[in-house]
Amino acid sequence: MTRGSGNNKKILNQINKLALTLLANSISFIIGKNSYYNTIDIMKIVVYASIRKLSIEGSSEELLTLSNGKYCSADVAQRRIHQKTGIEMVTAFNQATRNICSILRRMRLLFRRVTVAIDYTDKPYYGDSNDPGVIKTKHQRGTNYCFRYITLSVVIGDAKITLSALPVNPLSDKARLVDRLLTEAKRMHIRINLVLLDRGFFSQQIVKIMDKHRLRFMFPVIKIKLVKKMIADAHKSKNYVHKYKFKKGKKPTASFTIFFMLDPDSREWQIWKRYHVYGTNLPVTNSNRHVFAKIYRKRWNIETSFRVEKQEFLAKTTSKSYRFRLFIFLVAVLLYNLWIVTRVALGEIFYVRRWKISMYLMIYSLSGRLFHRMELPIDDISGF
């Protein structure tokens, strides 16, 4: 329900204070006793860079040029950021996200079981492929290399909010990363109804992790030789649901249900190319498989007329530092999440440009002392 413009302005002001306070309360830096700048001053530079899609250098220069306020140099901000370890950054992100979950519960958006999606996010990298944390990937945007992150997002209405994010390096174990994401979701008291994954998670280790957490899951199945044969058999017999087993030698190690969906628009002459194949531990039958396939497509491909990707809040950088890139990525995810909360709270189409402008003005209007004393205004917006 759309609210009056006066009430909307009040809510917007509350959420903007919440956004800045969450970052300030969750992220701390090593500050000397006699240091002129504090955590608040550094976060102003970072948030401004994120909403303006500038580099930290560009953010600092622009703020110092446009205002007589207390803004630190880019060197100061970057030096403080580089002092934090990757573990500290992820821990800070998780703490901020727990507070966002508290707000969502008060808005009665997380009081029942939810669908979550686990996916990779790649950020193209144009530097040396031997730099720490760089992963080789398919060619995209003029490079074969990227920094990669794995995320767990909860599906709320027509949007996804990222609850947990972890960096991925060339030696990362996929199953362990998924286990960590699900464990963190439990710590946040998220009650998961269904886990959606993409085909890159088709493995017996992932199925075992789902069994360990006693969760229902669904993912597209890679069409390996055995799957192609199963498609051909299903096409002839019209039995589109089968049991799939991973084996070590002759001993089964993990199993799940596999089902096939014919693409009526496909013009491929090879039978196996005409089918979509899904794996799940849901109770699929020949008669209800269309329902489950629709759930996957609808939930995975969440889109709206005012869809905004997380890169709308990603500060620019040419830094080779893995930790620095992780930091600005996590800040971008938090700002994106808070924009989604704003959009849901106002009950109307709330474009990201409008929110960015309001955040921009907030950074100018709050002095460091006032900012530092602010408390999380969660109770003020509990009536949404």
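Side chains are part of it too, since the values below use all heavy atoms of this structure and drop only hydrogens, waters and symmetry mates.
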Pairwise distance [atom1]([X]) to [atom2]([Y]) - rounded to 0.5 angstrom:
X      : Y      : atom1 : atom2 : result
Ile258 : Lys243 : CD1   : NZ    : 11.5 Å
Ile340 : Lys160 : CD1   : NZ    : 11.5 Å
Leu166 : Leu330 : CG    : CG    : 9.0 Å
His82  : Ser321 : NE2   : OG    : 3.5 Å
Arg199 : Tyr278 : CZ    : OH    : 8.5 Å

* **With His213, the side chain to side chain contact (heavy atoms under 4.5 Å, CB included) member among Ile192, Val178, Asp179** =>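 In the set Ile192, Val178, Asp179, the residue that makes a side chain to side chain contact (heavy atoms under 4.5 Å, CB included) with His213 is Asp179.
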In terms of hydrophobic clustering (I, L, V, M, F, W, Y; side-chain heavy atoms under 4.5 Å; direct or indirect links), are [X] and [Y] co-clustered?
X      : Y      : value
Ile87  : Val331 : no
Ile222 : Val227 : yes
Ile206 : Ile224 : yes
Leu226 : Trp272 : yes
Ile357 : Leu338 : yes

Less than 4.0 angstrom from a charged side-chain N to a carboxylate O is my criterion; do [X] and [Y] meet it?
X      : Y      : answer
Arg148 : Asp122 : yes
Arg98  : Glu184 : yes
Asp233 : Lys229 : yes

Is the [X]-[Y] ring centre distance short of 6.0 angstrom?
X      : Y      : answer
Tyr149 : Phe329 : yes
Phe246 : Phe202 : yes
Tyr125 : Phe147 : yes

If we ignore hydrogens and angles and just use 3.5 Å, is the side chain of [X] paired with the main-chain N or O of [Y] as donor and acceptor?
X      : Y      : value
Tyr244 : Ala254 : no
Lys223 : Tyr275 : yes
Asn337 : Thr162 : yes
Arg267 : Asp265 : yes
Thr280 : Phe217 : yes

* Asked: Going by the angle between their ring planes, with limits at 30° and 60°, are Phe256 and Phe219 parallel, tilted or perpendicular?
  ->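 Ring orientation of Phe256 relative to Phe219: perpendicular.
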* To do: Flag the pair Asp75 / Ser60 as yes when at least one side-chain heavy-atom distance between them is below 4.5 Å, and no otherwise.
  =>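 SC-SC contact between Asp75 and Ser60 ruled out.
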* Asked: Can you tell which of Arg274, Lys273, Glu268 makes a side-chain hydrogen bond (donor to acceptor under 3.5 Å, both in side chains) with Gln270?
  ->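 The option that passes is Lys273.
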